[in-house]
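What follows is one structure encoded as structure tokens, with my remarks underneath.
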Protein chains: 2
Amino acid sequence: MLSQKAKYALKAMLALAAEKDGDLLQAGDIATKHNVPRKFLELILLDLRKQGLINSQRGKNGGYALAKPAEAITFGQIVRIMDGPLAPIPCASLTGYRRCEDCRDEKTCAVRRTMREVRDAAATILDGMTLAQARQGAGRKTPVL
Amino acid sequence: MLSQKAKYALKAMLALAAEKDGDLLQAGDIATKHNVPRKFLELILLDLRKQGLINSQRGKNGGYALAKPAEAITFGQIVRIMDGPLAPIPCASLTGYRRCEDCRDEKTCAVRRTMREVRDAAATILDGMTLAQARQGAGRKTPVL
DNA sequence: TTTTAACTCTACTAATTTGATGGACAATAT
DNA sequence: ATATTGTCCATCAAATTAGTAGAGTTAAAA
């Protein structure tokens, strides 16, 4: 499951991507516009900034803006920052691999093998979806399988 | 994330699928063999039985067996019983749709659209993986995307 | 028919995660 | 100076997760 945090983050990033290049958007505005609790959103934006996805400006008329072009930021990056690895199970993760405590033989584990497929599919979709594409309402041309 | 419960359930079902047709497997044996807390496993098996995936026999020499051929039981069925819908977000779910409270316009929401793709990919993989296939170590022929 | 070994069911609990909230502090434009 | 906005830290209530405990029920076997 995607957390609220990740969902809010995606919406906030899309809002920032809609802004003219260089224009700042304030936390309060995003919060109002997208029905996100304001203080909660601030934590999220702080996270995104610390990970280098957005820049912030303090003080009066401050706000946030994308740190990179919307073509260079993907859903995958955002979701991983908020919720961690995409894999349904740590032993199937590339970015956050951890062994299953209870697993007898990882090499032949059908659960792991299948969850790796799920991870790969999710990664393909999310790492392939940029903010720019999402804004244009880009659907996937080639259906998944 | 897949819960421990779902992971244990998948392993238990695979164990049952490995049994000769009609043979019973006891909770204690599965627990030992797969490093699953015994009482916890019993809850899981109870769930699976109530959902009609396995049968149980009480009393001495009791145990569990698949209620259907291993070709007719999929990872998708098992995961949904344990963890609910596959979709990362309720508004993208087929089996458990629920509107996003904070969503302004569901029709054009890029988050929803993308998470629906993720759901569809996961469903394709998990609903396509039967216990029988998993036992044979069947990998996916056509890669996802 | 008693015993034993299995599943069934309900209740409980400890730890963690999630989804926030509040307030002091720091920076910046006016 | 002052108003405004981001930063940071602490706290918190509710939900979820992962597991435990124990009494009850069933059925085979001694």
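Below, read A as the first sequence line, B as the second, and so on, with proteins coming before strands; counting in each chain starts at 1.
Electrostatic pairing of Asp47(B) and Lys50(B) does not count as a salt bridge here, judged by no charged N lying under 4.0 Å from a carboxylate O.
Using modelled atom types and a 3.5 Å distance limit, the side chains of Thr32(A) and Asp29(A) yield no donor-acceptor pair.
Here dT16(C) presents its C1' atom at 17 Å from NZ of Lys5(B), a figure rounded to the nearest Å. Regarding Met1(B), its CE atom lies at a distance of 15 Å from the C1' atom of dT18(C), rounded to whole Å. Rounding to whole angstrom units, NZ of residue Lys11(A) and P of dG19(C) are separated by 14 Å. Nucleotide dA27(D) holds its P atom 14 Å from the OH atom of Tyr64(B), rounded to whole Å. As rounded to whole Å, 20 Å separates atom P of dT25(D) from atom NZ of Lys60(B). Atom CE of Met82(B) is separated from atom P of dT17(D) by 12 Å (rounded to the nearest Å). The distance between atom CD of Gln57(B) and atom C1' of dT8(C), rounded to the nearest whole Å, is 14 Å.
Between Gln4(A) and dA20(C), a side-chain N or O to OP1/OP2 separation shorter than 4.0 Å is present. Within the 4.0 Å cut-off from OP1 or OP2 of dA29(D), at least one side-chain nitrogen or oxygen of Asn61(B) is found. Listed pair Ser56(A) / dT7(D) meets the phosphate criterion, a side-chain N or O lying under 4.0 Å from OP1 or OP2. For dT17(D), the OP1/OP2 oxygens have no side-chain nitrogen or oxygen of Tyr8(B) closer than 4.0 Å. Note on Arg58(B): every side-chain N or O is 4.0 Å or more away from OP1 and OP2 of dA5(C).
Tyr8(B) pairs by the ring pair (Phe, Tyr, Trp, His ring centres under 6.0 Å) definition with Phe40(B), not counting sequence neighbours.
At a threshold of 4.0 angstrom between heavy atoms, the contacts of Lys7(B) with the nucleic acid are absent.
Judged by distance alone, with hydrogens and angles left aside, the side-chain atoms of Arg104(B) form a donor-acceptor pair with the main-chain N or O of Lys33(A) at under 3.5 Å. Checking side-chain atoms of Gln51(A) against main-chain N and O of Leu48(A) turns up no donor-acceptor pair under 3.5 Å. A donor-acceptor distance shorter than 3.5 angstrom exists from the side chain of Asp83(A) to the backbone of Ser3(A), with no hydrogens or angles considered. Not one N or O on the side chain of Arg98(B) forms a donor-acceptor pair closer than 3.5 Å with the backbone of Pro90(B). The backbone N or O of Tyr64(A) sits nowhere less than 3.5 Å from a side-chain atom of Gln57(A) that would complete a donor-acceptor pair.
Here the closest heavy-atom approach between residue Leu10(A) and residue Ile78(A) is recorded as CD2-CG2, 3.7 Å.
For the contact set between residues 25-48 of chain B and DNA chain D, defined by any heavy atom under 4.0 Å, the members are Pro37(B), Lys39(B), Phe40(B), Leu43(B). Contacts between residues 90-102 of chain A and DNA chain D, defined by a heavy-atom separation under 4.0 Å, are absent.
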